[in-house]
Amino acid sequence: MSEGSKSLNFIEHIVEEDLSNGFAKEKLRFRFPPEPNGYLHIGHASSICLNFGLGLRYKAPVNLRFDDTNPAKEEQEYVDAIKRDVEWLGFKWDTECFASDYFQQLYDWAIVLIKQGKAYVDSQSSAEIAAQKGTPTEAGKPSPFRERSVEENLELFQAMKEGKFKEGEHVLRAKIDMASSNMLMRDPLMYRILHRPHHRTNTDWCIYPMYDWAHGESDYVEQVSHSFCTLEFAMHRELYDWFLDQVVDENKVRPKQREFARRNFSHTVVSKRKLLQLVEQGFVSGWDDPRMPTISGLRRRGYTPESLINFANTIGIAKRENVVDVSLLEFHVREHLNKIAPRVMAVLDPLKVVLTNYPEGEEEWLEAENNPEDEAAGSRQLPFSRELYIEKDDFKEEANRKFFRLKLGGEVRLKNGYIIKAESCTKDADGNITEVQCTYDPKSKSGSGTEESLRKVKGTLHWVSAPHAVSAEVRLYDRLFMDETPDGHKDRDFLEFINKDSLQVINAFVEPSLKNAVPEDRFQFQRTGYFNVDKESTSEKLIFNRTVGLRDSWAKIQQKN
RNA sequence: UGGCCUAUGGUGUAAUUGGCAACACAGCUGGUUUUGGUCCAGUCGUUCUAGGUUCGAGUCCUAGUAGGCCAACCA
C-alpha cells in the first residue's frame, strides 16, 4: 500500500475534500460490511483493499461488520470463512461488529419513529404492498393502514416483536412519500417477521430489520465516517440519509455513503448467488475449489496475498462499467512468485532418455541454484544418472531451426547438468516415441568452468533422474468459463459457458527434493509454471496445483504456424 | 415512456481541478539469458457525437447518442 505521490482515486478525493473542509482526521473511520451468506470473492478483495487501504493511508480504524439481518441466508460458517480471508490478506480490523449487535437499538429507534408518526404497521400481504407501489412513471397508492394511530402502531409492533403473528402478517414501514420518483422512498419496509433462529441472537428476535434501516444506522452507531458501497446502492442513498436524519445527533459523526462500480472479471462470475450455484450443483468441489474466483479458491490455487493486493491497487476504483482482464491478475501472481518461488524441476509429460555413454548404475549430485532472482535462496543438490525423463514436447525427430529443443543429431543443455546429443529413438507399434538414446559430453558439466561447459547451446531443458524421480499428482486448471462474460448474455444462462475441461489431472515426475513439500508451499516448475502444494497432499501422495503457467512465447510462435 | 449514474487505447485506471493525454496489463518488433521464464529497448490513441464558452477544453455549458441501475417481507 503506497502512499504519497500516487494519484488519488475518486474515493480518496472525497475523503481529501472532507478533510480540507474541516473534517477532523482523527474521526475518520471506515468499515468493510460483508453479509455472511457466502464466501468472499476477488471483487470483495477490491473492496477490502479500498476500505482497509484507506485505513492504512489515514491511520484510521476499519471495522469488520457482518451485515447479518437475514437469518434465512446467513450462517456462522460464512462468518468464519470471511474472517479467515480478510486475515489472510493481511488486514487488521479495529472491531469485529455485527448488525445483529444493534437489534435492540434499532428497535428502540423504530419506536421513536412510530411515536413521531414516521412509521406504521402495515397489515397487507407483500403482493398487495407491491401492487400499491406504483411504477417509475406513476405514483404509488397509500396503504389503507397508513393512517393508523400511534397507539395502535405501538401495540401491533410490540406484538410483532413478541411473536404473536405469523410471518407475513404485518410489517413495519417508514412513512415517507408514496409519490417519490425514487421507488425506495415509497414507504419502504423497515421490519418483517421471520420465525427463524439467527446465527448469533438465536430466537431472541422474530422481527428483523431490512438492509436500508439497518445499514446506515449501524454506520452511525459505529461512528463510521465514510461508508462505501457499490453502485447499485446509489438510489438507496436518499433513504440512507432519511433514516439518518431521524436519529442523528449533531455532535456526532454523520456517516456519508458514496458508491463505486463493482469490478467484473473476464471469464468468470462474481455473484454470490451464481458462485453458490456452482458449488451446490457440483460444477466445482467447493467454495475453495482452485478454479473459483473466491479468495479461498485463489489461496488454494497458490495466489499470494501480495499479488491480490497489488492487483486490486492496480485496477483501482471508479464509477464506470468495467470488465477486468484476468491476464492482469495473472501478471501480478507471476510478478510476485517470480521473486519468491524456489525453482525446481518436474516433468509433466515424461519421455525417457538414456545416456548411452554414461556408466550404468552410477549417480552423481549436481548443484542447482534455487532462485536466480534471489541469491539468498541458496542452492540444492540434484541427482543425475544414466536414465532421465524429459518432456515429450521437448523432443522431435526432425524440426526446423526455430525449434531450440532436442532433435536427432542435435544438442541441448540439461539444466544444471550436461550437454547431450540425441543419437536415435525407439517407437512403439503405433509409432509413438518411447525412448531417446543420447550421448553426453562428460566435460560439459554446468559450473565446471571447462571450455566445453561454456559452449553456447541454444536450448536448455529441464529433466528428472528416472531412478530418483518422485511421482506426484498434478492438477492443471484452465478458466472455468469459455466466454469472456458468461453472465453478460440476456438470453443465455451462464452455466452454458462452463468449460468442461477446466481441470486436468495428470501424473508427473518431480525431483526428489520435493518429497518434503507441505500444503501451500509454492514452487516454480522450471519452464512450465508456478505450482503449489494442495491441501489434500500427503507425504505418500504429493499433489500440486498449477497456479499459473509461465509466459510462453514458444506457444505463440507455434500458434502462428 | 419517470428518476439516478456513467462514457479517455484491445483491457483497467490517471491527468497538479481549464495548460504538452500519463501509468500498468495485453499485443507486436528487437536485444540479453544455462528457464522460449526474468530483465532491457522500441511500437500501438480523431478522450462517445455535434455545437458553444475560452488565448487554450478529456475537464466547463447546451443538445444528442450509447450503456448500466431502480418497482424483493434480499443485501
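All values derive from a computational prediction rather than experimental measurement. Residue numbers start from 1 in every chain, and the chains themselves are labelled A, B, ... in the order their sequence lines are given, proteins ahead of strands.
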Over how many whole Å does the gap from [X] atom [atom1] to [N] atom [atom2] extend?
{"X": "A:Glu330", "N": "B:rG37", "atom1": "CD", "atom2": "C1'", "result": "15 Å"}
{"X": "A:Lys415", "N": "B:rG37", "atom1": "NZ", "atom2": "P", "result": "13 Å"}
{"X": "A:Arg405", "N": "B:rG37", "atom1": "CZ", "atom2": "P", "result": "11 Å"}

Reading RNA chain B from 5' onward, which residue's closest nucleotide shows up sooner: A:Thr137 or A:Ser448?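 Whichever sits nearer the 5' end wins; that is A:Thr137.
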Where each residue is assigned the nucleotide of RNA chain B containing its nearest heavy atom, which of A:Asn338 and A:Val323 is assigned the position nearer the 5′ end?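 Nearest nucleotide further toward 5': that of A:Val323.
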Touch check for [X], heavy atoms < 4.0 angstrom, all strands: base, sugar-phosphate only, or nothing?
{"X": "A:Gln526", "value": "base"}
{"X": "A:Ile557", "value": "base"}
{"X": "A:Phe311", "value": "nothing"}
{"X": "A:Ser446", "value": "base"}
{"X": "A:Gly459", "value": "nothing"}
{"X": "A:Arg237", "value": "nothing"}
{"X": "A:Arg551", "value": "sugar-phosphate"}
{"X": "A:Ala318", "value": "sugar-phosphate"}

Stacking between A:Phe404 and B:rG36, defined as ring centres under 5.5 angstrom apart with planes under 30°, is that present or not?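 Yes.
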Among the nucleotides B:rU34, B:rG67, B:rG12, which one has an atom lying closest to any side-chain atom of A:Glu321?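 Within the option list, the nearest is B:rG67.
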A:Leu328 side chain: which of B:rG36, B:rU13, B:rA24 is closest?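 Nearest nucleotide to the side chain: B:rA24.
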Option among A:Phe145, A:Tyr120, A:Phe165 that satisfies the ring pair (Phe, Tyr, Trp, His ring centres under 6.0 Å) test with A:His170: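 Result: among A:Phe145, A:Tyr120, A:Phe165, A:Phe165 is the only option passing the ring pair (Phe, Tyr, Trp, His ring centres under 6.0 Å) with A:His170.
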Distance, nearest 0.5 Å, that separates NZ of A:Lys256 from CD1 of A:Ile14: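 Going from the NZ atom of A:Lys256 to the CD1 atom of A:Ile14 covers 7.0 Å.
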With rounding to the nearest 0.5 angstrom, report the OH to CZ distance, A:Tyr440 to A:Phe384.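 Atom-to-atom, A:Tyr440:OH and A:Phe384:CZ are 7.5 Å apart.
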My understanding is that only residues two or more places apart in sequence, or in another chain, count here; which of them pass side-chain hydrogen bond (donor to acceptor under 3.5 Å, both in side chains) with A:Arg31?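 For A:Arg31 the side-chain hydrogen bond (donor to acceptor under 3.5 Å, both in side chains) partners, ignoring immediate neighbours, are A:His215, A:Ser227.
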Return the set of residues passing side-chain hydrogen bond (donor to acceptor under 3.5 Å, both in side chains) with A:Asn264 (not counting sequence neighbours), or none when no residue passes.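 Counting only residues at least two positions away or on another chain, A:Asn264 forms a side-chain hydrogen bond (donor to acceptor under 3.5 Å, both in side chains) with A:Arg262.
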Presence of salt bridge, A:Asp393 and A:Arg405, under 4.0 angstrom: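 The answer is no: the pair does not qualify as a salt bridge.
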Does B:rU6 have OP1 or OP2 sitting under 4.0 Å from an N or O in the side chain of A:Lys319?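 Affirmative; the distance criterion is met.
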Geometric class of the [Y]/[X] ring pair [parallel <30°, tilted 30-60°, perpendicular >60°]:
{"X": "A:Tyr208", "Y": "A:His198", "answer": "parallel"}
{"X": "A:Phe531", "Y": "A:Phe525", "answer": "parallel"}
{"X": "A:Phe66", "Y": "A:Phe98", "answer": "parallel"}
{"X": "A:Phe481", "Y": "A:Phe494", "answer": "tilted"}

In the 5'-to-3' direction, what one-character label does each nucleotide of nucleotides 70-75 of chain B receive under the scheme B = base within less than 4.0 Å of a protein heavy atom, S = sugar-phosphate only, - = no such atom? -B-BSB
Between B:rU34 and A:Arg413, counting only base atoms on the nucleotide and side-chain atoms on the residue, is there a donor-acceptor pair under 3.5 Å?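 Flag set: donor-acceptor pair detected.
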Can you check the distance between [N] and [M], where both ends of the measurement are the [atom1] atom (answer in whole Å)?
{"N": "B:rU53", "M": "B:rA63", "atom1": "C1'", "result": "15 Å"}
{"N": "B:rU54", "M": "B:rU59", "atom1": "C1'", "result": "13 Å"}
{"N": "B:rU49", "M": "B:rG36", "atom1": "P", "result": "46 Å"}
{"N": "B:rC5", "M": "B:rG45", "atom1": "P", "result": "34 Å"}
{"N": "B:rC20", "M": "B:rG30", "atom1": "P", "result": "35 Å"}
{"N": "B:rG27", "M": "B:rC69", "atom1": "C1'", "result": "34 Å"}
{"N": "B:rU46", "M": "B:rG42", "atom1": "C1'", "result": "24 Å"}

Is a donor on one side and an acceptor on the other found under 3.5 Å between the side chain of [X] and the backbone of [Y]?
{"X": "A:Arg263", "Y": "A:Ala261", "value": "no"}
{"X": "A:Trp205", "Y": "A:Lys161", "value": "no"}
{"X": "A:Gln526", "Y": "A:Arg343", "value": "no"}

Before we go on, tell me: are the rings of A:Phe157 and A:Tyr107 under 6.0 Å apart, centre to centre?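 Judged by ring-centre distance (under 6.0 Å), A:Phe157 and A:Tyr107 do meet the cut-off.
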Between the protein and nucleotides 17-20 of chain B, which nitrogen or oxygen pairs are less than 3.5 angstrom apart?
from   : atom 1 : to      : atom 2 : distance (Å)
B:rU17 : O4     : A:His13 : ND1    : 3.0

Taking only nitrogen or oxygen atoms into account, show me every contact under 3.5 Å that the protein makes with nucleotides 28-30 of chain B, one pair per line with its distance.
from   : atom 1 : to       : atom 2 : distance (Å)
B:rU29 : OP1    : A:Lys560 : NZ     : 3.3

Closest approach of A:Phe10 to A:Glu259 (non-hydrogen atoms, all atoms of both residues):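 Between these two residues, the closest heavy atoms are CZ-O, 3.3 Å.
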Pairing of RNA chain B as dot-bracket, 5' to 3': ( ) intra-strand, [ ] crossing, | other strand, . unpaired, with Watson-Crick or G-U pairs under 3.5 Å? .((((((..((((.....[..)))).(((((.......)))))....(((((..]....))))))))))).....
Tell me whether B:rU17 sits syn or anti, counting syn as a glycosidic angle within 90° of 0.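 What B:rU17 shows is a syn base, its glycosidic angle lying within 90° of 0.
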